[in-house]
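Remarks on the structure that follows.
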Amino acid sequence: MADVIKTAAIEGMVCPVPLRHAEKIVQGHGSGGKLMQDLIAKTFLAAWDNPILSAGNDAGVIPTQGVARLAISTDAHVVSPLFFPGGDIGRLAVCGTVNDVAMLGAQPLYLTVSFILEEGLDLSTLERVVASMHAAATEAGVQIVAGDTKVVGRGMADGLYISTTGVGLLPEGTAIHGAAAQPGDGVIISGSLGDHGIAVLSARGELGFETELASDVAPLNGLISEMLGASQGIHVLRDPTRGGLATTLNEIVRQSKVGIILKEGTLPIKPAVDAACELLGFDPLYIANEGKLVAVVSREDSSRVLEAMRSHEYGKEAAIIGEVVAEPTGRVLMETLIGSHRVVDVLMGELLPRIC
Amino acid sequence: MKYVAEFRDAELVKRSAQQIRREVTRPWTLMEICGGQTHAILRYGIDELLPTEIELVHGPGCPVCVTPLEQIDKALALASLPNVIFASYGDMLRVPGSGRDLFSVRAAGGDVRVVYSPLDAVTMARENPDTEVVFFAIGFETTAPANAMSVYQAATLGLKNFSVLVSHVRVPPAMHAILGGEHNRVQGFLAAGHVCAVMGYWEYPPIAEQYRTPIAVTGFEPLDLLRGVLDAVRLLEAGVVKVVNSYGRAVTYEGNRPAQELIKKVFLECDRKWRGIGNIPMSGWGLRPEYAQFDAERRFDVSAIRSEESPICVAGQILQGQLKPPQCPAFGTLCTPQHPLGATMVSSEGACAAYFHYNKAALLSEVSNG
Amino acid sequence: MCLGVPGKLVEIYKSGGLLMGKVDFGGVSREACLEYEPEARVGDYVVIHVGFAISLLSEQEAAKTLEVLREISDIQAELGVEPGEVRA
């Protein structure tokens, strides 16, 4: 490479480098990508920093007097539309929080729920959501034990918003967290990528495409139980929600100070998700999943865990999609279908359809 | 997907790359001038498959990045107006103007909406008769027929609340500017396949002749890209100057006649500034006087906005293929992997052409040594 | 400028005075304007860009391109040249 040419200082970039948005909240702050990570680091962690929070996992681990510890997680759900193929905001709320707690290897037990209801919301809509939450909670084996309701004026809540907090028991000795990945580990996905994001996008109707795709929203604690029963070598569990698989794996490589190499040919992706992504210029690696998990498992146990997953309803299409490497640290690479390589970076801000 | 999967066949890709390796005898510099091709090259790591003798340079082929600062600022002004719905293709939302972008405008209360098709913007105008709808009509020739139809349709329907902010750019004048530049080192061109699907490739033989530069009309799948490179290399190795069509399934010599006709009906050639490059004469399209009532710049009095780009910037040289991104003083400092530079950044998710192209080798050697 | 995706035309109709069609991309479908490809028939494949058909795909040309590439592959296979191997 030639030496860096020293030119006069550039006053203001001419190149259209995206802005950092440090003054007002924009949509991108909620999409799971870099903007959101910056917000968390600079606004939340900077003010509230404590070791439990800064471990940066899906749930916080709380030490107790007894042998077991508690895992606790919280989530807000603002999805639009409220009902979409495969699920609804209620199911999403229950499963999302159950999954966050379960991703630490904890057994989810209790949820609290708080509603923000928009003035004018049909009671029948609320009842449908509540029924769905009951069904999801029953499936997951959790109880809703506390709640709150607030009403805001017309136009201020998109129908309804739900906030949930989940608590679970973390057995002694369980050490499943983002910093535990090790070189040689296998990377396993529990099923097809991008179903939820594309299904919801289609249901919103703004981009005008139709599909039979349904959201994959599901509680995964049962699947995780099966996996934990099969192996002590599960190092990381995480659900690739907003920001998709790419963002989740980038978090893991940073926390664990390792690298990951994926094989494009092994990624399970439904043809409809592929087609929607081609049409809109999206990459399935960045699309949200709500019923999938990524597991980083020791090399020796990867096949056994895969088998356990495939025997479960929510892991039938599980596949080994890559491996953890020592270098390059903090990077996710992918071997493409045609044998070359590309870097898989974290999502910047909002996922937007492109024409280019 | 049919017409897609076959052109990604790993075995055929390997063999095509091997064929290029066999036929190349000396270094050649090829330029592609299409954001979509830049994206595809990165996505598939095509550059990794090519022999080191072939240097693929990325030209100013992304309409999102070459849209002049002034037009972005006008867009921001329009989107900030009360009672205006500002409709735009998704990629434009992220492009910064002088200090703000469309996201900021939306955060401040502007009604900014993403559309997939310009006809969706026309529908918005019909469904919201009491609100003004302004559509950001950007793009190269590929997008011009769609943008033109939105204006034509608005006229047919007699819509009073629809207007467009036009910022079209054309490829042939850009090729002239690059190939005619004092420090040009491009020896062969990969012409943009979908631009040619619309315009045909009858405009290119005179360019090839004038600059003694062979041109291969190239598609977007890995096999198409390699085919374009192979055809260009063959011409260069043989010392033959001509235009070949390496994307025959979608492109014909004459191109799409009805599309060209509507473009001519609605638009007319005009000067256009390219971000980071400057004015290229007659390189743009603007609305014809007959359609002036649909021109947002007139309807809303934003035509007076003038934006100054920094006079010292190497982006233009990078866009013209004369400099490599690591030679940009901002590279790695103001401009990092999380805020990368380049024609693909704004349009793709997280991939930086420059950074990954030039650092991938380093990253990959770390993998094999690690 | 170049995101054009091939899809199969499954329905043709008029809407708002324009020739429109429903295009199937394999599990996902969308409406597209056919004014620029008025000759397209149900079953044809078209390239769609921002909701417009800008090109009618030629099965013949596609086959030709693949054929040319397969011929290269066949020759190489015949000569026993492995990908990556450089002939002296």
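Convention: sequence-line order gives letters A, B, ...; per-chain numbering from 1.
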Should the heavy atoms of other residues, nucleotides or ligands under 6.0 Å from CZ of B/F267 be counted, would the total exceed 12? yes
To the nearest 0.5 Å, what is the distance between OG (C/S58) and CZ (B/R249)? 10.0 Å
Nearest 0.5 Å please: distance from the CG atom of C/L18 over to the OG1 atom of B/T156. 7.5 Å
What part of C/V5 gets within 4.5 angstrom of chain B, counting heavy atoms only: side chain, backbone, both, or neither? side chain
Heavy-atom distances under 4.5 Å only: say whether B/F220 touches chain C with side chain, backbone, both or neither. side chain
Contact leader toward chain C among B/Y247, B/Y116, B/F7, where contacts are heavy-atom pairs under 4.5 Å: B/Y116
Pick one of side chain, backbone, both or neither for B/E261, based on which atoms fall under 4.5 Å of a heavy atom in chain C. neither
B/D120 bridged to C/R30 by N-O distance under 4.0 Å: yes
Heavy atoms of B/A192 and C/C2 approach each other most closely as CB-SG, 4.3 Å
Calculate, to the nearest 0.5 Å, the distance between atoms CD and CG belonging to C/E31 and B/L119 respectively. 8.0 Å
Between C/S55 and B/A250, which heavy-atom pair has the shortest distance, and what is it? OG-O, 2.7 Å
Do other residues, nucleotides or ligands put more than 12 heavy atoms under 6.0 Å from the NZ atom of B/K2? yes
Is there side-chain contact between B/M149 and C/E35, with heavy atoms separated by less than 4.5 Å? yes
Residue from B/P145, B/P51, B/A40, B/A197 scoring the most non-hydrogen pairs under 4.5 Å with chain C is B/P145
Using a 4.5 Å cut-off on heavy atoms from C-beta on, say whether the side chain of B/N256 contacts that of C/E37. yes
Checking C/F52 against chain B: side chain, backbone, both or neither under 4.5 Å from a heavy atom? side chain
Using heavy-atom distances under 4.5 Å, tell me whether B/L230 contacts chain C through its side chain, its backbone, both, or neither. side chain
Heavy-atom side-chain contact between C/Y36 and B/L262 under 4.5 Å: yes
Among B/G219, B/G193, B/A146, the residue with the most heavy-atom pairs under 4.5 Å to chain C is B/A146
Looking at side-chain heavy atoms only, is the closest gap between C/T65 and B/L223 below 4.5 Å? no
With a 4.5 angstrom heavy-atom cut-off, is it the side chain or the backbone of B/L226 that approaches chain C, or both, or neither? neither
In terms of heavy-atom pairs under 4.5 Å with chain C, the winner among B/R257, B/Q260, B/Q153 is B/Q153
Counting only heavy atoms not in B/R126, do more than 12 sit closer than 6.0 Å to its CZ atom? no
Intermediate values then yes/no, side-chain contact (heavy atoms from CB on, under 4.5 Å), B/N245 and C/E61: CA-CA 11 Å; B/N245 182 4; C/E61 285 291 331; over 6 Å; no
Shortest non-hydrogen contact from C/V50 toward B/P118: O-CD, 3.6 Å
Salt bridge flag under 4.0 Å for residues C/R70 and B/E6: no
Contact part of C/E59 toward chain B, heavy-atom cut-off under 4.5 Å: side chain, backbone, both or neither? both
